[in-house]
2 protein chains.
Amino acid sequence: MKRATIKDVAEAAGVGVATVSRVLSGGSASPETRERVLAVAAQLDYRPSALGRNLRQRRTGGIGLLLPDLTDSFHGGLAEGVLACARSAGEPVVIGSTGDDPEQEAELIGMLLEQSVDRVIAVPAGDADTWRPALKAGMGVVFADRLPYEPDAAEEEATAAVDELMMLDGVPAAPASRPAVRPRPLDVPAVLTDDRSGIRTAVQYLRGLGHRRIAYLGGPGRERRVEAFRQAVGGVPDEELIVFSDGSRDSAYAAASGLFQTRPDLTAVLAGGNMLGEAAVLAARELDLRVPRDLSVIMFDDVPWAELCFPPLTVIAQPARDMGYRAAELVLRTGPRRPRSVLLPTELVIRGSCGPRL
Amino acid sequence: MKRATIKDVAEAAGVGVATVSRVLSGGSASPETRERVLAVAAQLDYRPSALGRNLRQRRTGGIGLLLPDLTDSFHGGLAEGVLACARSAGEPVVIGSTGDDPEQEAELIGMLLEQSVDRVIAVPAGDADTWRPALKAGMGVVFADRLPYEPDAAEEEATAAVDELMMLDGVPAAPASRPAVRPRPLDVPAVLTDDRSGIRTAVQYLRGLGHRRIAYLGGPGRERRVEAFRQAVGGVPDEELIVFSDGSRDSAYAAASGLFQTRPDLTAVLAGGNMLGEAAVLAARELDLRVPRDLSVIMFDDVPWAELCFPPLTVIAQPARDMGYRAAELVLRTGPRRPRSVLLPTELVIRGSCGPRL
DNA sequence: CTGAAAGCGCTAACAC
DNA sequence: GTGTTAGCGCTTTCAG
């Protein structure tokens, strides 16, 4: 049994297809005609096919959503936010999981392009070069949670972008030694959490507890957080206390475990993401480090398990769902002027994993 | 700058559009022509538009994915599995979050229909009636994790379907008092976890530890698990020890807390899902019930936090990712014969939340 | 206010 | 082997 087409409706209602189209998209029509068309359409269970419409309008009208990993509850929350907004706008969402791999990301971008999905929200895995094709093709892109780094002058560019954003925070960037002019990396709106303020809050909290040797566990694509950490601890940071992992659980665990073993003198650790936090807790437990007696742990990003953990984890919460919702709003805003980026606040949630230095 | 169309390529290569189409979809063409077309296509950065193709073929070719909640790590894993399979098949995935609400689900089904997405994988929220329209429209549907219940004869039908599946388990359903003929509810393939065996294992484990008063915390759409629980405890189950919640966190907490307070004599609780498990742990902690000394807790579904919990939670793990992958395989299998359902095994992961009855 | 007609980009007959 | 052509279902001028 085939689906009814606009033509079927037109015939059955004794009008032209154009009229049906108009009625269904709220155009002008005599009340009488409108009535009849609507009735027939309902009777035939007619649904306008998005296929025809999209082809005609040369756009799909959906939203692409590219995330590193749906298993991560932060990304899950982000996705929920996007979906909520998309639904209220009646837009379908095409999702892809990149595994934090630039190649897969590039492939997925290609797929979206092929589907004529012209708007996309992404937690980018690749660098600016990965994204340039999408931009050149005229896609409306909004980044969430982080920005793609510049392949060449990675650090400087990233810093520049961050500085600009940090102005919103009310704290002007250090005038520092910045070369004259530098081309902004990617001129794309983004929804980010206020890493700098979150990290600063965490470090201050730890300091207030008497901690001086604070370590930082970082993940990939998180330059802003490390930078903020360095700034927050002030002076010349002890670089040995700053360790990184790639996106995997194993590497996170290895980083945490290695750190705790080489630097038994540290008394507190700040995990730059929920997977790192998980690794820190596990590694500490494995090494018989009691939390918070021997080691205070604080984690960036709140997750359901933080409360169930022993001891319950103190965290810097970021509004994952809101981020998604805002990102969707931005990408949907088809205004003449390009939307501005958004910086969302964090919140320190004190539970039981941080204690005074003994 | 407009995207190149097949026509542009044809002109630039000095051939007809059909030839271009053939070359790009692996049809026959002289090596020479093929070469030239490919070169021109690459040079023009040509991407065939899915829009045109889909309209022509009257189908989108994507996969719809409808889940209750992406924040739940089980669903996240499921989604990852689906995406992995879909990517290797080059199919886009359109996702929707139903919030476990039949109405939203129905709406999303409508959206997929409109998009001509003709295959969908779902963890259904609604009943059979919600799904009949999709089936009638010729959608290829595969359910994951659970089956839609029958609105009228809810219990009987569900049980019938389960019995049939349980045969795969090697354990024939009890011949019991089953009426002669009964129409199967929805004839749709599904990928389910072997709830019966999982629940049985859990109950036996608990029994082996000496527990006799075992409670069950159930969620919505989980008739099979409760039924399995009743069967596993045998005899006439103490119905007061079986409590339910709707999908929300609050209701789960309320159910657990209420249960623990009204029945202080229970010594073990089996949570029928990860949110229920979370609630059980929290409620126990709130009531100063020590786990596992005062109360043994076991949870259906493994999650990352189970290991971080205190004490680490003993669980019945189900292969979320595999479920998604298998479901995608099923829905993609365009065979002449309808694919059969799949029952996936569970695994008891013993950690520290269950102890002997004291 | 309404209908006829022209495509949107692509594939699949069908001719050559 | 390759080109021509006819739509897929819809929106949108453009006449009436």
Side-chain angles (χ1 to χ4, degrees), chain A residues 1-38 40-41 44-62 90 92 112-118 137-138, chain B residues 1-38 40-41 44-62 90 92 112-118 137-138:
Chain A
M1 177 179 88
K2 260 186 51 200
R3 242 172 73 174
T5 76
I6 197 174
K7 215 169 146 190
D8 300 329
V9 178
E11 274 171 22
V15 298
V17 289
T19 303
V20 177
S21 176
R22 275 189 218 102
V23 168
L24 265 49
S25 38
S28 59
S30 79
E32 188 191 319
T33 313
R34 142 171 273 104
E35 190 86 7
R36 192 149 34 93
V37 170
L38 253 23
V40 172
L44 256 47
D45 191 31
Y46 168 69
R47 289 175 166 296
S49 155
L51 255 36
R53 186 191 4 246
N54 293 343
L55 176 56
R56 176 65 223 238
Q57 298 175 163
R58 276 97 143 279
R59 46 173 302 239
T60 290
L112 292 178
L113 246 21
E114 192 166 320
Q115 302 291 327
S116 301
V117 172
D118 54 3
Chain B
M1 180 180 87
K2 259 187 52 204
R3 246 173 72 175
T5 77
I6 198 174
K7 216 168 147 193
D8 301 329
V9 177
E11 273 172 21
V15 299
V17 288
T19 303
V20 178
S21 177
R22 276 190 218 102
V23 168
L24 265 47
S25 39
S28 63
S30 81
E32 189 191 319
T33 314
R34 144 171 270 105
E35 191 86 7
R36 193 149 35 94
V37 170
L38 252 24
V40 172
L44 256 47
D45 190 31
Y46 169 68
R47 290 175 167 293
S49 156
L51 254 35
R53 187 192 2 253
N54 293 342
L55 176 55
R56 178 63 224 242
Q57 299 175 163
R58 276 98 148 280
R59 46 174 302 243
T60 290
L112 292 178
L113 245 24
E114 191 166 320
Q115 301 292 327
S116 301
V117 172
D118 54 3

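Note that the coordinates shown come from a computational prediction; the quantities given were computed from them, not determined experimentally. Chain letters run A, B, ... following the sequence lines, proteins first and then strands; every chain starts at 1. Below, each value reflects all heavy atoms present in this structure, side chains not excepted, and no hydrogens, waters or symmetry copies.
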message: Determine whether a donor-acceptor pair (N or O, by modelled atom type, separation under 3.5 Å) exists between the side chain of B/Asp8 and the backbone of B/Ala4.
response: no
query: Would you call B/Arg53 and A/Glu114 a salt bridge, taking side-chain N to carboxylate O under 4.0 Å as the test?
result: yes
field: Nucleotide nearest B/Leu55 when distance is taken to its side chain, options D/dT2, C/dT2, D/dG9
entry: D/dG9
field: Atom pair distance, as rounded to whole Å: CD in A/Gln115 and P in C/dC10
entry: 13 Å
- prompt: Would a distance-only check, ignoring hydrogens and angles, find a side-chain to backbone donor-acceptor pair under 3.5 Å from A/Ser49 to A/Leu51?
  reply: yes
- request: Report the distance from atom CG of A/Asn54 to atom C1' of D/dC8, rounded to the nearest whole Å.
  value: 13 Å
Whether over 12 other heavy atoms sit under 6.0 Å from A/Glu35 CD: no
message: If you compare every side-chain N and O of B/Ser30 against the phosphate oxygens of D/dG1 (OP1, OP2), does one of them come in below 4.0 Å?
response: no
message: Between C1' on C/dG9 and CZ on B/Arg58, what's the gap in Å once rounded to a whole number?
response: 16 Å
- request: Output the distance between atom CD (A/Gln115) and atom CG (A/Asn54), rounded to the nearest 0.5 Å.
  value: 10.5 Å
message: Filter on side chain to side chain donor-acceptor pair (under 3.5 Å), then keep only pairs touching residues 17-33 of chain B, sequence neighbours left out; what's left?
response: B/Ser30-B/Thr33
message: What is the distance, to the nearest angstrom, from the CG atom on B/Leu24 to the C1' atom on C/dC10?
response: 11 Å
Table of protein N/O atoms under 3.5 Å from nucleotides 10-14 of chain D N/O atoms:
residue : atom : partner : partner atom : Å
D/dC10  : OP1  : A/Tyr46 : OH           : 2.6
D/dC10  : OP1  : A/Ser49 : N            : 2.7
D/dC10  : OP2  : A/Ile6  : N            : 2.4
D/dC10  : OP2  : A/Tyr46 : OH           : 3.4
D/dT11  : OP1  : A/Arg53 : NH1          : 3.2
D/dT11  : OP2  : A/Ser21 : OG           : 2.9
D/dT11  : O2   : A/Arg56 : NH1          : 2.1

